[in-house]
A.B. asks: 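The structure under discussion is supplied below as structure tokens; questions concerning it will follow.
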Amino acid sequence: MDISNSHYDNRHVATLNDPEEIHSAMRAKCPVQHSENHGGFWALTRYQDVEAATRDTTRFSSLPTITLPSVGAPRPFIPMESDPPEHSKYRSLLNVVFSARRIAELEGEIRKHAVQLIDRFAAAGEADLARDLIFPLTSRVITWLLGIPDEDVSRFSDWSLALVSVTSPEAGAALQMEIRDYYVRLIAARRENPTRDLASHLLASTIDDRPVTSEETLDIYLSLTGAGGETTAAAANHIFTLVDRHPDLRSQLQARPEILTTAIEEFLRYVTPVPGFARTTTCAVEVAGTVIPEGERVWMSWLSANHDAAAFEEPATIVLDRKPNRHLAFGAGVHRCPGAPLARLELAIMVDEVLRRIPDYRLADPGAVRISEGQTRVIRSLPIVFTPEP
Ligand code: HEM
């Protein structure tokens, strides 16, 4: 493969579906690769370089956008698209969403909802795991966090899927507007009549000794919409695909349920549902002997880093009890994913319940599983067959 032609495309289906062939060559021969795509950018592929850049918010800024190509949002996503010191002010507003107490409160609800969803298809002998369990569950969790009324839940689920799959700035901007209008109405209603939801909490909070504005509340809602649902859904879809492809993984999970926690972590490393995000250099930066000029876009490939043999022994093998496992699937440094504990919980519950209720499920057509082009390595559909519950 020619990796010197500068045509690396972080969003191309080939990169998302078969990343190892491309990334291993880049790590070995050209770990800091310039690409002409998306207006020109640099791709970092080695663990050491990717991790260092992710942590270095001074030289690698999250402004003006971390999406590559840009999804065309009218305002930055916060807290993702902010740098210290502003970042920590925004991030602390979110503590309430991700507190250990809040997650413990949600655990019972998530389990109950997973069981109800599986109840609907367990006797049928066939289902689409993505459509019937994964997307409804992951988007329901976000609606709980945001306080979306029950009647709007399915609309919300359609939006969140479309949001991570947009391929042009125009399509992204149109979708953003639709979601935005909905949230604007919700936030205005909470300003009039506060409830116990997140919007009401944010509107009653302060930042730099002034009240949080409706616009900032809106920005946070838009960020959580994109960040929380489809990422976890992508992880789940990949996990169930891998368990089908590797019968030994299924037997290990069934024989040793105590490895579920490390197993989820290892699946996240192997899959890396969010394959990377971009930064912009604030000055000329030398990385592995290559000087990246100021003002350049840099793609940090967490997906490639998580398969770097310099950081992980036998990276191509899924080792369910791998320890240590310092993967970058949730990023690193100040922007490290605050939703990680929640995502882990959702994934553990889904794997646990599926293997308990439909332990012999198989993909109906393994060759048809495709990863869609987008910010996240999304699998949209996962038809399965299994022995029906009596
Ligand atoms: C398996 C599922 C998930 C994956 C793989 C994932 C991945 C990531 C990554 C890689 C980042 C770092 C972005 C950067 O450095 O620019 C991030 C940030 C973030 N994630 Fe997640 N995420 C997941 C689930 C969630 C969930 C469930 C939520 C919320 C409910 C969430 C909310 C956020 C937020 C708000 C940020 C921005 C943090 C900041 O900028 O300080 N994520 N996520």
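Order of appearance sets the numbers: ligands from 1, and atoms from 1 within every ligand.
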A.B. asks: Applying the 4.5 Å side-chain criterion to the ILVMFWY set and letting contacts propagate, would Leu303 and Phe267 be lumped into a single cluster?
C.D. replies: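 Different hydrophobic clusters.
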
A.B. asks: Looking only at protein heavy atoms, which one is nearest to atom 32 (C) of ligand 1, and how far off is it?
C.D. replies: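 Nearest protein contact, heavy atoms only, for atom 32 (C) of ligand 1 is Ala227 CB, 3.6 Å.
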
A.B. asks: Any carboxylate oxygen within less than 4.0 angstrom of a Lys/Arg side-chain nitrogen, looking at Asp244 and Arg362?
C.D. replies: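 So Asp244 pairs with Arg362 through a salt bridge.
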
A.B. asks: Against ligand 1, does Arg344 come closer than 4.0 Å with any heavy atom?
C.D. replies: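 Under 4.0 Å: no for Arg344.
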
A.B. asks: Go through ligand 1 atom by atom and flag the ones less than 4.0 Å from a non-hydrogen atom of Thr232.
C.D. replies: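 Result: 1 (C), 2 (C), 24 (C), 27 (C).
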
A.B. asks: Thr376 near ligand 1, heavy-atom distance under 4.0 Å?
C.D. replies: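 No heavy atom of Thr376 comes that close to ligand 1.
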
A.B. asks: Looking only at side-chain N and O atoms, does Asp83 offer a donor or acceptor that is under 3.5 Å from a partner on Thr57?
C.D. replies: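 Absent: no donor and acceptor within the cut-off.
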
A.B. asks: I'd like to know whether CD of Glu216 has more than 12 heavy-atom contacts from other residues, nucleotides or ligands below 6.0 angstrom.
C.D. replies: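 More than 12 heavy atoms, drawn from other residues, nucleotides or ligands, come within 6.0 Å of this atom.
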
A.B. asks: Among all protein heavy atoms, pick out the one at the shortest distance from atom 40 (O) of ligand 1; state its residue, atom name and that distance to 0.1 Å.
C.D. replies: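 For atom 40 (O) of ligand 1, the nearest protein heavy atom comes out as His335 ND1, 2.6 Å.
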
A.B. asks: Provide the number and element of each atom of ligand 1 under 4.0 Å from a heavy atom of Val274.
C.D. replies: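 With Val274 as reference, the close atoms of ligand 1 come out as 5 (C), 7 (C).
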
A.B. asks: For Pro338 and ligand 1, answer yes if some heavy atom of the residue is under 4.0 Å from a ligand atom, otherwise no.
C.D. replies: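 Pro338 counts as a contact of ligand 1 under the 4.0 Å cut-off.
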
A.B. asks: Identify the closest protein heavy atom to atom 22 (N) of ligand 1: which residue and atom is it, and at what distance?
C.D. replies: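 Residue, atom and distance for the closest contact: Cys337 SG, 3.1 Å.
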
A.B. asks: Can you tell me which portion of Val97 lies within the under-4.0 Å heavy-atom range of ligand 1? Options are side chain, backbone, both, or neither.
C.D. replies: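 Under 4.0 Å from ligand 1, Val97 contributes no heavy atoms.
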
A.B. asks: Quick check on contacts: which atoms of ligand 1 are under 4.0 angstrom from a heavy atom of Val334?
C.D. replies: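 By the 4.0 Å cutoff, the relevant atoms are 41 (O).
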
A.B. asks: Test of understanding: given a 4.0 Å heavy-atom threshold, classify the contact between Phe330 and ligand 1 as side chain, backbone, both, or neither.
C.D. replies: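 Answer for Phe330: both.
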
A.B. asks: Does ligand 1 have a heavy atom under 4.0 Å from the side chain of Arg91, from its backbone, from both, or from neither?
C.D. replies: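 The answer is the side chain.
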
A.B. asks: Below 4.0 angstrom from a heavy atom of Phe277, which ligand 1 atoms are there? Numbered from 1 as shown, please.
C.D. replies: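 Selected atoms, number and element: 13 (C), 16 (O).
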
A.B. asks: If we only consider heavy atoms of Trp302, is any one of them less than 4.0 Å away from an atom in ligand 1?
C.D. replies: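 The answer is yes: ligand 1 sits under 4.0 Å from a heavy atom of Trp302.
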
A.B. asks: Report, in ascending order of atom number, the atoms of ligand 1 lying under 4.0 Å from any heavy atom of Ile66.
C.D. replies: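 Taking each heavy atom of Ile66 in turn, ligand 1 has 16 (O) under 4.0 Å.
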
A.B. asks: Assess whether atom CD of Glu258 is packed by more than 12 heavy atoms of other residues, nucleotides or ligands within 6.0 Å.
C.D. replies: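 Yes - once you tally the heavy atoms of other residues, nucleotides and ligands closer than 6.0 Å, there are more than 12.
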
A.B. asks: If we only count N/O pairs under 3.5 Å, is Thr54 in contact with ligand 1?
C.D. replies: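 It does not: no N or O of Thr54 is found under 3.5 Å from an N or O of ligand 1.
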
A.B. asks: Looking only at heavy atoms of Phe98, does any of them come nearer than 4.0 Å to an atom of ligand 1?
C.D. replies: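 The answer is yes: ligand 1 sits under 4.0 Å from a heavy atom of Phe98.
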
A.B. asks: So that I can tick it off, tell me whether Arg269 and Glu265 are bridged by a salt bridge, with the cut-off set at under 4.0 angstrom between side-chain N and carboxylate O.
C.D. replies: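 Salt bridge: no.
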
A.B. asks: So that I can tick it off, tell me whether Lys89 and Asp208 are bridged by a salt bridge, with the cut-off set at under 4.0 angstrom between side-chain N and carboxylate O.
C.D. replies: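 Looking at Asp208 and Lys89, the cut-off is met.
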
A.B. asks: Looking at Glu81 and Arg279, does any basic side-chain N land under 4.0 Å from a carboxylate oxygen?
C.D. replies: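 No, no charged N to carboxylate O under 4.0 Å.
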
A.B. asks: Out of all atoms in ligand 1, which are within 4.0 Å of some heavy atom of Leu145? Include the element for each.
C.D. replies: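 Counting from 1, the qualifying ligand atoms are 30 (C).
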
A.B. asks: Among protein heavy atoms, which lies nearest atom 26 (C) of ligand 1, and at what distance?
C.D. replies: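 Scanning the protein heavy atoms, the shortest distance from atom 26 (C) of ligand 1 goes to Gly228 CA, 3.4 Å.
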
A.B. asks: Does ligand 1 have a heavy atom under 4.0 Å from the side chain of Leu268, from its backbone, from both, or from neither?
C.D. replies: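 It is the side chain that touches ligand 1; the backbone stays farther off.
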
A.B. asks: Measure the acute angle between the ring planes of His113 and Trp144, then classify it against the limits of 30° and 60° as parallel, tilted or perpendicular.
C.D. replies: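 Ring orientation of His113 relative to Trp144: perpendicular.
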
A.B. asks: Could you check which of Arg279, Arg336, Met80, Met300 puts a non-hydrogen atom nearest to atom 15 (O) of ligand 1?
C.D. replies: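 Minimum heavy-atom distance to atom 15 (O) of ligand 1 goes to Arg279.
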
A.B. asks: So, 4.0 Å and heavy atoms of Thr138: is ligand 1 close enough to count as a contact?
C.D. replies: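 No.
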
A.B. asks: State whether Arg357 and Asp352 are salt-bridged, where the test is any N-O pair (Lys NZ or Arg NE/NH1/NH2 against Asp/Glu carboxylate O) under 4.0 Å.
C.D. replies: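 So Arg357 does not pair with Asp352 through a salt bridge.
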
A.B. asks: Taking heavy atoms and a distance under 4.0 Å, where does Val141 meet ligand 1: side chain, backbone, both or neither?
C.D. replies: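 Neither; no heavy atom under 4.0 Å.
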
A.B. asks: Under 4.0 Å between a side-chain nitrogen and a carboxylate oxygen: does that hold for Asp321 and Arg256?
C.D. replies: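 Here Asp321 pairs with Arg256 in a salt bridge, since their nearest N and O are under 4.0 Å apart.
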
A.B. asks: Which protein heavy atom lies closest to atom 24 (C) of ligand 1, and at what distance to 0.1 Å?
C.D. replies: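 In this structure, atom 24 (C) of ligand 1 has Thr231 OG1, 3.4 Å as its nearest protein heavy atom.
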
A.B. asks: Tyr183 vs Phe156 aromatic rings, parallel, tilted or perpendicular, using cut-offs 30° and 60°?
C.D. replies: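 Tyr183 vs Phe156 ring planes: tilted.
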
A.B. asks: How far is atom 7 (C) of ligand 1 from its nearest protein heavy atom, and which residue and atom name does that atom have?
C.D. replies: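 Its nearest protein heavy-atom neighbour is Ala329 O, 3.5 Å.
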
A.B. asks: His238 vs Tyr270, test: ring pair (Phe, Tyr, Trp, His ring centres under 6.0 Å). Steps then yes/no.
C.D. replies: CA-CA 10 Å; His238 280 272; Tyr270 187 85; 9.1 Å; no

A.B. asks: Counting from 1, what ligand 1 atoms have a heavy atom of Ile142 closer than 4.0 Å?
C.D. replies: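 So the answer, numbered in order with elements, is 30 (C).
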
A.B. asks: Salt bridge check: are Asp49 and Arg46 linked by an N-O gap of less than 4.0 Å?
C.D. replies: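 A salt bridge is absent here (no side-chain N lies under 4.0 Å from a carboxylate O).
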
A.B. asks: Measure up the Phe41 and His38 rings against each other and bin them: parallel (under 30°), tilted (30 to 60°), perpendicular (over 60°).
C.D. replies: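 Phe41 and His38: parallel rings.
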
A.B. asks: Determine whether any heavy atom of His87 lies closer than 4.0 Å to an atom of ligand 1.
C.D. replies: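 Within the 4.0 Å threshold, so yes.
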
A.B. asks: Pair Glu20, Arg27 - check salt bridge (Lys or Arg N to Asp or Glu O under 4.0 Å), show working.
C.D. replies: CA-CA 10 Å; Glu20 250 321 89; Arg27 283 193 305 269; 3.0 Å; yes

